[in-house]
Amino acid sequence: MTASPNSAEARDIAYQLHSYTNARLHQEQGPLVIQKGDGVYVEDLQGKRYIEAMAGLWSVAVGFSEPRLAAAAAKQMERLPFYHTFTSKSHGPVIDLAEKLVSMAPVPMSKAYFTNSGSEANDTALKLIWYRANAMGQPQRKKVISRQRAYHGVTIASASLTGLPNNHRSFDLPLANIIHVGCPHFWREAKPGETEQDFSSRLAAELEQTILSEGPETIAAFIGEPVMGAGGVVVPPEGYWEKIQAVLAKYDILLVADEVICGFGRTGNMFGSQTYAIKPDIMVFSKQISSSYMPISALLINDRVFEPIADESSRIGVLGHGFTASGHPVAAAVSLENLKIIEERDLVGNARDVGAHLQKRLRDLSGHELTGEVRGVGLIAAIELVGDKESRQPWGTTGALGSLVNRHLQDLGVISRNMGDAIAFSPPLIITEREVDIVVDSLTEAMNRAAAEVRARRAVAAE
Ligand SMILES: Cc1ncc(COP(=O)(O)O)c(C=O)c1O
């Protein structure tokens, strides 16, 4: 890139190592520096505006300029900027938020536990599951089943739960005791002639086979996102969660619902667990809990989980776990105000209604020469691109077409994210139909531009 030596872009290249970035390519291309946001829009340093069709990282439910969240943060900063939750200490915002979350849960829950990121929350879930197994005199019950293409974060334990190669490669992960079963990606993984129900039955049978071959007494829990996000927006096929839960119940295996993306409205219900009739023992939240205005995450645990843990902490003398910022008062105050806004403005209803419009508009692109599959629910969706519709093969290497369309889309003023060749959409829950139209019209143009390039390159190759 040609940035002047003291520009923000040049200083970024000089001083920052970025997450989920090719560090060498970044040195050549530099960053997109965002300086402000309003509603569903963000603006870069040159003043160009983009619709943030990923809500940042699936997270800014109320949009980028909500004054009530800024006011809630300022008020709490002035009153009590920090206090903790160790050694029986507490404070108003964290108590209110714990009560609020337990009262919102779609199944009976007992206690909330606070952490600061989705990864920390899943890490904590795994530790609590192990602690509970020891508390129950079942030290052999330590294995946790996750799924290929799952995304549960990047700490050592969470990255192990994640089922994506790039989170394991060269990090010496996953840890032992984490097992990955098949991904419920109907379009990619179903066998010819299988219905969604057949496919779900096969996955449930494979899960049962895995449990039996590992030894049911060694399996502590199963973790899953109601809709997989970073693995490419994988919507469960019909009957999937019902059949999986039947197997888990048969062997008394805990179920963890990772609601980090789905929670607080994304799928058109308050929780993804409601959309798919999931009855978890542990629920994990982050992102839309505070619209990511402050870092915060939370777990809800039911009595099946809490009671043995309480006994074990009493036997040992302490629950030896906790983060300095667990239940941070400013993050808790912002979360409370954010949840109030989601309820008052019926953003869950908006996700359902405007989500239906997004899903329809994207499905109208099914006939496009580059479209493999369109999938999604509520305000989360993906369009998977292919080089060949019949064979469903990519154009060149996997991700080449996704990156190309994503780049065109960004030029056209829409920020999205390609996971391989799946272009994802997860806009703020406040998005309107008109704004959805701008996103999908821009996507259509980006796909047309990419298709023209593909055709041109094929013509050159054929000469
Ligand atoms: C479903 C899910 N779980 C966990 C995480 C990890 O959250 P964090 O990036 O806050 O550690 C993510 C992040 O995208 C996620 O999508």
Side-chain angles (χ1 to χ4, degrees), residues 18-21 52 54-61 113-127 144 146-164 166-168 171 173-174 178 180 183-185 221-236 241 255-267 271-273 275-276 278 280 282-300 323 325-326 328 331 334-335 338 376-382 415-419 422 424-427:
H18 282 260
S19 307
Y20 284 99
T21 300
E52 229 306 353
M54 285 300 291
L57 289 173
W58 329 77
S59 53
V60 182
Y113 186 88
F114 293 98
T115 47
N116 307 294
S117 67
S119 300
E120 275 180 22
N122 283 322
D123 220 290
T124 297
L126 192 74
K127 285 182 73 182
V144 175
S146 181
R147 301 174 297 171
Q148 284 151 19
R149 298 177 83 108
Y151 190 79
H152 299 297
V154 295
T155 57
I156 287 176
S158 298
S160 297
L161 294 169
T162 290
L164 296 167
N166 286 346
N167 297 104
H168 296 163
F171 288 117
L173 295 174
I178 309 288
H180 293 93
C183 172
H185 194 339
F222 179 97
I223 183 166
E225 305 149 79
V227 174
M228 286 178 157
V233 184
V234 178
V235 178
W241 278 111
L255 174 55
V256 183
D258 182 341
E259 294 261 6
V260 166
I261 286 179
C262 295
F264 311 107
R266 178 62 59 198
T267 64
F271 301 104
S273 292
T275 304
Y276 297 103
I278 302 169
I282 300 177
M283 296 178 84
V284 179
F285 306 125
S286 192
K287 298 189 189 274
Q288 295 199 133
I289 190 174
S290 67
S291 283
S292 286
Y293 278 41
M294 292 293 295
I296 181 170
S297 56
L299 299 99
L300 286 181
F323 302 92
S326 285
H328 192 286
V334 168
S335 297
N338 175 66
V377 57
L379 278 176
I380 179 168
I415 295 181
S416 167
R417 178 159 160 205
N418 68 296
M419 278 94 67
F425 297 95
S426 174

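Both counts, for ligands and for their atoms, begin at 1 and track the order of listing.
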Under the 3.5 angstrom rule, does the side chain of Trp58 hit a backbone N or O of Gly229 as a donor-acceptor pair?
no

Check side chain to side chain contact (heavy atoms under 4.5 Å, CB included) between Val284 and all other residues, then give those that pass, not counting sequence neighbours.
Ala121, Asn122, Val256, Asp258, Val260, Ile282, Leu299

Among residues at least two apart in sequence or on other chains, which ones pass side chain to side chain contact (heavy atoms under 4.5 Å, CB included) with Met294?
Val330, Ala331, Val334

Please produce the table of protein N or O atoms sitting under 3.5 Å from N or O atoms belonging to ligand 1, one pair a line, distance to 0.1 Å.
residue  : atom   : partner : partner atom : Å
ligand 1 : 3 (N)  : Tyr151  : O            : 3.4
ligand 1 : 3 (N)  : Asp258  : OD1          : 3.3
ligand 1 : 3 (N)  : Asp258  : OD2          : 2.7
ligand 1 : 7 (O)  : Gly118  : N            : 3.4
ligand 1 : 10 (O) : Gly118  : N            : 2.8
ligand 1 : 11 (O) : Gly118  : N            : 3.4
ligand 1 : 11 (O) : Ser119  : N            : 2.8
ligand 1 : 11 (O) : Ser119  : OG           : 2.5
ligand 1 : 14 (O) : Lys287  : NZ           : 2.9

Pairwise distance NE2(His168) to OG1(Thr162) - rounded to 0.5 angstrom
6.0 Å

For Asn116, give me all partners under side chain to side chain contact (heavy atoms under 4.5 Å, CB included), at least two apart in sequence or on another chain.
Glu120, Phe323, Ala325

Would you check if the side chain of Asn418 reaches a backbone N or O of Ala424 as a donor-acceptor pair within less than 3.5 Å?
no

